[in-house]
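Below is one structure, written out as structure tokens, with a few remarks after it.
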Amino acid sequence: MGEGRGNREVLQDRTEELLPPPLLRDPCPPTAGLSSAALCSNYGQNDRHACVALGGRAAGSPEEKDAGGSRHLPSFPHSLPWLSFALSPLEPAPPERHPPLGGAAPGAPCSRGAARRAERSASRPGSSAMAPGGKVAIVLCLDVGFTMSSSSPGEESSLDQAKKIMTKFLQRQVFAESKDEVAVVLFGTNGTRNDLASEDQYQNITVHRSLMLPDFDLLEDIQNVIKAGSEQADFLDAIIVCMDLLQRQTIGKKYEKRHIELFTDLSSPVSEDQLGIIIANLKKTEISLQFLESLERLSMFKKMERKPMPWPCQLTIGPDLSIRIVAYKSVTEENVKKVWAVVDAKTLRKEDVQKETVYCLNDDDETEVQKDDTIQGFRYGSDIVPFSKEDEEQMKYKTEAKCFSVLGFTRSSQIQRHYYMGNQALKVFAAKGDENAAVAFSALVRALDELKMVAVVRYAYDRRCNPQIGVAFPYIKDAYECLIYVQLPYMEDLRQYVFSSLKNSKKYFPTVDQLSAVDSLIDSMNLVHEDGETFEDLFKPSKIPNPRFQRLYQCLQHKAFYPDKPLPPIEQHILEMLEMPCVVRERCQAPLERVKALFPLKEVGKKKEEKTAQDIFKDNEDEPSLKKPKIEDEGESFSIMKLAEGNITSVGSVNPAEDFRILVRKKNADFKDVSQQLINRIDQFLENKGSQYYMKGMDCIRVFREEAMKLSKVQCFNDFLQALKSKLEDKALSDFWEIMVQERISLITKDEAEGSLVTGEEAKEFLAPKEQKNETLPPTDEGGDVDDLLDMM
Amino acid sequence: MAGWGSFYRGEGLEEEEEEQQEEEEGSEAVADQRVSGRDSLIFLVDASKAMFESDGEAETPFDMTIQCIRTVYTSKIISSDRDLLSVVFYGTENNKNSADFKHVYVLQELDNPGAKRVLELDQYRGDEGRALFRESFGHSADYSLGEALWACSNLFSDVRVRLSHKRIMLFTNEDDPHANDSAKAKLARTRAGDLRDTGIILDLMHLKKPGGFDISLFYRDIINVAEDEDLGIHPKESEKLEHLMKKVRAKETRKRALVRLNLHLGKDVVLSVGVYNLIQKAYKPLPVKLYRETNEPVKIKTRMFSGKTGSLLLPSDTKRAQTYGKRQIVLEKEETEELKQFDSPGLFLIGFKPLSMLKQHHHIRCSQFIYPEESLVRGSTTLFNALLIRCLERAMMMLCRYTPRRNVPPRFVALVPQEEELDEQKVQMAPPGFHLIFLPYADDKRNVDFTENVPASQEQVDKMKEIIQKLRFKYRADSFENPVLQQHFRNLEALALDMMEPEQAEDLTMPKSEQMSHRLGNLVDEFKQLVYPPDYNPEGKAVKRKQASDDQTEKRPKVEVSKDELRSHVQKGTLGKLTVSVLKDACRFLRLRCGSKKQELVDALTEYFNKC
């Protein structure tokens, strides 16, 4: 180990210039103490620098904690540090301005894990693909030393987990057809293959793959070829090999960013030199939480990224006034990038399938005629009019040129939302770098806004395109002002249908009771929480990635490896993010029951027959054991599939609540043991503040409570809840406690389940606020240690 | 920013869009399987003398009727040329019908609308038309409405194809035709009852009658309103063509549900709704291939064969593939469908949100419309109505996950409530129900490189406000005709009728430059002085830039006529012999700014050459 040092000193200068602050972590996951607002604004300014700033902050926190010395190192069996080093580019890239993302409004807490996850994965600013045009060089540096392959029985080894993450990451890159290049460096290999290796230096480090576009060969290597070695190697040595590789292989090419991702369990011997402090910090296991989140984030495929194409034009108001503008597609229905090619089932070759079109007369013999003997015609009602392509071209309507011409202005209320046509909304700005245009444009936008008016415009993309009529309305944000253009219908596109009156119908008019039932349903299912100060939207579809693409890539990736197997089931987290938020689901049960009771709804027609047949079958069924769980689980988003597969062995971090639910139902399950695993997860989430963690923790607690009741393990839950309460008070996690109170998650009472001694009142009391204690808290705070201070942030 | 290059359905669109078309059409067919067949509509027109009398300047009721029918014909040709239409007069002197009823004249049997029929109708318009009508058919007050209705029902039954929807529109301005003949009145009521029993809808398009049209005198027992169009109130008589048009247009096309499905409020609280397209892009129809010799349509067959062996390939002999990461991934055709399957068809309520949360620019697709459907779940209408009432009152929308049919991945939609609205003539302008607004996923939003804001001063804003106020108008969704479609059909009409030249459609999408200039007066100059420096030319700059970067595209217009030739044309005054497109290209080549009308082009070129 000591021998390595000499080499490292040789590289010292290089290292320093490459690694600005000692340690940079993956900047993406929201870190404890850093609000998402901070993340966004940093990214907004400059991608690269934001990394540094964040990294500095993040790297700082373990040190501070170290100084306090009070935080213990939770050692989770699953924990695997996933570190990421961002290197500054060879040539400093000019700072790029990024528009703030539509949804990047800071501070709106989200009480829904899935949606939040989706949000982060979908619209995270500063991801490599966002970098304007630039590609990223990434080295995946994987520890394959012998400790990596060991695992407690029934658990995945660290190596397997690391491979899983790498696979997910690479799959995303492959399906997004990202231009980022990826190299793979292994350390702890039996052999040695790297450019720095000499005699006893940099041994057991192998450059498995040079910097190049990732492909399925690489994915297959990770799955099948890369195995644990019987050696160990210093990860700092490995990092230096990676840096060397990056330096050599990026010479002469432009990269937006260079990156090392390190996967290790940190159990290999490491030489203690000037980087020792980093190692100490690495051992701090906040990182393990990052890993958890990382896997989650990676399990979403990349959002479709397309470069916005500017459309320069002139906005005209009458013949004498024009303003130079530029427009971009801002919202548009994104389609799958690739179409399915038809291939021969045997050879699997596209070239082997050929198509031939024949034309034949509509007679008994279907006489074939040559294509040259056919002409084009159109139906005109009952007539068919021969109309050659040339004539059509000559006589057709011709668009003069591209245009964005105002026809007039109208009240914004006269343009109704349901009249919007087409598949897109454009954002229109003043032309770039033309201050005169910008002023004129601003006058228009503001005048429209103040008058609550909109412009009706003729819009033609270019002279080959057909003109549209559309609306341009003002849209004013803090950062910019623009017009939004959306197409409106032509007379020919409208269909006027008459529908029977509901207002004038006595038969279908609801009673006062019925209306009030609907009112309480609306109240309980309101997705927007507003209490004067905070404003929270529980469900934002525009933050959810299109499940269609997620599913397509999942299937493609599965088929790439297992061409002969059937399609895999849809991933649970995809289904979850499409579901009603749990809070709402629970809240609306009673109002729904009332609606059900007050509005008689009766299925008629075919469906009814099927159902009665089923009902009869059900009645004859004497197996309560089969029937009961079925009824209980109805509507719960939890896959029986997984239960059948039996591949859940412990409560993981991705879907802990679901894992728990499956595990406790297994035969011979030890409720206590499994619930302890769940409790560990809950602790983990609480350590890592942030609403998305809280919500996950909340889900765990809710499921714990449910299962404890069902399986008569009431005491187990109540003990946990008591302990949790005092823990929350100690750790100043009052915000989490408030959620508990709000959600009314209290002790299980004896009314709810046998075996409980808790009365309803006691359960209420349990959640009651303790004002006195709050008052005495501040003084202790002053004398508190660093750990507590950190937690307060 | 491509994708609107072509107006043909399917052509040049990405597969996805084609698929969507398929999806939509497919479901429309599925939903209406039980009523497959053609829609049919008979215009039954009172031809007695009163219909031809006008009070002063106004059009006669008969003229209004004919214009209205003509409009329906031409719009049917564009939108649904498979529908069958017919025109029947009653109250004529002459007769022509299969049962030889007196005073009933079938002008056009039930058939597709076509150019010749439109021309035939045109003959009877105006004063000359009135004279021709009198000459050809004459008038008689001795008709029996019952027989006229009978003749209509014969027309329906004489048609060979299956009819799904049968409707008669009765145009008259006589509110009590058989006041003095109770036998005829009774017969009319009996026939009307027969029609009702056989599912034929009879709408009254009553026209202006001096002293007012009283439905209660006779027609209340005659008309048969479709069950699903009951407004609980009768529309007023139409005094103007515009009013009549509105009434007719509301009923001319059969309401067709795209799909009928369940709206799940909760696990076991389910109502059913029909989904409708109130807006659907009208496309140029696809061209058909004709055999050159006979102009008869040919069938197009596509075959797949193996490039290797030359043998025919069945669909089952093929698979589907995509290539990623240098690897071809192969799926069965069925699997490519299966992977799009998430939910069973339906709307699944996620929750409610204030209407104000609907972002105006989050637009990805045309909206749809839902209305309750009692035929699947009885009781749906009351619950639907309660939801509608409360959502309207509380300005809330419903957020749902929407799967229109199997193998279509879900999308989120906002259900926006719409209150029922009638106009002064008691014609429904807005039906009660929810608009279904499609919401974008994260993938559908793009980040754009916005231009730094340079705020205008209040003075500048105020000047622009004056400009805006001068150019105010009241937008109506049906104010703009599609110039591309209109021109296409006029071209076809001209060819079909051997007209010399197609009628030029007025392009309503062009700004009315002169009027705008006139209205704005000095405001534009004042505004320019406030925002633009004297030497600034917003147009010049753009052109300059174009020259530098876009040289190639600028050269694109082929100059088929040289500058010298043009000059000689100008001198000889023969510029008009060149086609519009040649003139346009010439103007473009010479960088002349002018309109697209032939005269404008000629003028611009003449001016140019006379100057230099």
Side-chain angles (χ1 to χ4, degrees), chain A residues 122 174 215-216 304 308 318-321 328 333-335 339-340 343 354 359 374 376-377 380-382 395 397 405 408-410 414 418 420 425 429 438 440 442-443 446-447 458 469 480 484 490-492 497-502 504 508 510 518 525 527 541 546 548 555 592 599 601-602 635, chain B residues 15-16 77 112-114 229-232 255 266-267 282 287 289-290 298 307 320-321 325-327 339 351 361 363-364 367 378-379 381 383 385-386 409 412 431-432 435 439 441-443 448 450-451 454 456 460-461 464-465 468 473 475 478 480 482 484 487 491-492 509 511 513 516 524 531:
Chain A
V174 165
D215 53 27
F216 276 99
M304 291 275 198
D320 305 315
L321 178 56
Y328 302 89
E333 187 165 355
E334 205 59 72
N335 281 321
V339 293
W340 293 101
V343 298
Q354 296 197 348
Y359 303 87
T374 64
Q376 181 187 266
Y380 184 76
S382 51
M395 289 169 76
Y397 178 90
S405 312
F409 299 95
T410 192
Q414 262 154 0
H418 59 265
Y420 285 9
F429 302 94
S442 165
R446 292 186 178 197
R458 169 192 160 100
I469 289 293
Y480 60 90
I484 306 257
Y490 281 122
M491 186 267 282
E492 293 88 342
Y497 290 151
V498 175
F499 291 84
S500 294
S501 174
L502 294 179
N504 300 336
Y508 299 122
V518 165
M525 291 185 81
L527 295 169
N546 191 340
R548 163 183 205 158
C555 291
L592 263 178
F599 290 90
L601 293 164
K602 195 165 188 285
Chain B
E15 188 202 45
E16 169 73 10
I77 285 172
N112 305 64
E229 293 174 350
D230 189 3
L231 297 180
K255 189 165 66 194
K267 194 168 63 187
K289 286 273 176 215
L290 307 175
V298 295
R320 301 291 177 271
K326 293 196 276 188
R327 183 164 299 186
L339 61 79
H361 63 290
H363 166 73
I364 50 163
S367 63
R378 204 178 304 140
T381 312
L383 178 50
N385 202 11
F412 288 101
H435 289 288
L439 301 175
Y441 279 120
D443 306 76
V448 299
F450 63 84
T451 305
V454 184
Q460 291 161 334
V461 173
M464 181 52 85
K465 279 188 187 169
I468 292 172
F473 77 110
Y475 172 82
D478 58 2
F480 297 98
N482 184 339
V484 177
Q487 192 57 56
N491 291 343
L492 289 181
T509 70
S513 295
M516 288 171 88
V524 167
V531 294

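Naming: A, B, ... by sequence-line order, numbering from 1 per chain.
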Atom pair [atom1] ([X]) and [atom2] ([Y]), whose distance is rounded to the nearest 0.5 Å:
{"X": "B/Phe480", "Y": "A/Glu492", "atom1": "CZ", "atom2": "CD", "value": "12.0 Å"}
{"X": "B/Asp443", "Y": "A/Arg548", "atom1": "CG", "atom2": "CZ", "value": "11.5 Å"}
{"X": "A/Phe409", "Y": "B/Met464", "atom1": "CZ", "atom2": "CE", "value": "6.5 Å"}
{"X": "B/Tyr441", "Y": "A/Glu333", "atom1": "OH", "atom2": "CD", "value": "10.5 Å"}

Open item on the list: Taking the six-membered ring of A/Phe216 as reference, does the cationic atom of B/Lys326 (NZ for Lys, CZ for Arg) lie under 6.0 Å from its centre and within 45° of its axis?
Closed with: no
TODO: Report the option among A/Ala438, A/Cys555, A/Pro541 that has the most heavy-atom pairs separated by less than 4.5 Å from atoms of chain B.
DONE: A/Pro541
Task: Heavy-atom pairs under 4.5 Å with chain B, option from A/Leu592, A/Asn504, A/Ile469, A/Leu502 with the top count - done: A/Leu502
Open item on the list: The test is side chain to side chain contact (heavy atoms under 4.5 Å, CB included); show your working for A/Val518 and B/Leu383 and say whether it passes.
Closed with: CA-CA 8 Å; A/Val518 165; B/Leu383 178 50; 4.3 Å; yes
TODO: Go through the structure and list residues passing salt bridge (charged side-chain N to carboxylate O under 4.0 Å, His left out) with B/Asp478, not counting sequence neighbours.
DONE: B/Arg476
Task: Atom group of B/His435 that falls short of 4.5 Å from chain A, counting heavy atoms - done: side chain
- [ ] Counting only heavy atoms closer than 4.5 Å, note whether B/Leu492 contacts chain A via side chain, backbone, both or neither.
- [x] both
- [ ] Only counting residues at least two apart or in another chain, list the ones meeting side chain to side chain donor-acceptor pair (under 3.5 Å) with A/Ser405.
- [x] A/Thr316
Task: B/Ser513 side chain to A/Pro319 backbone, donor-acceptor under 3.5 Å - done: no
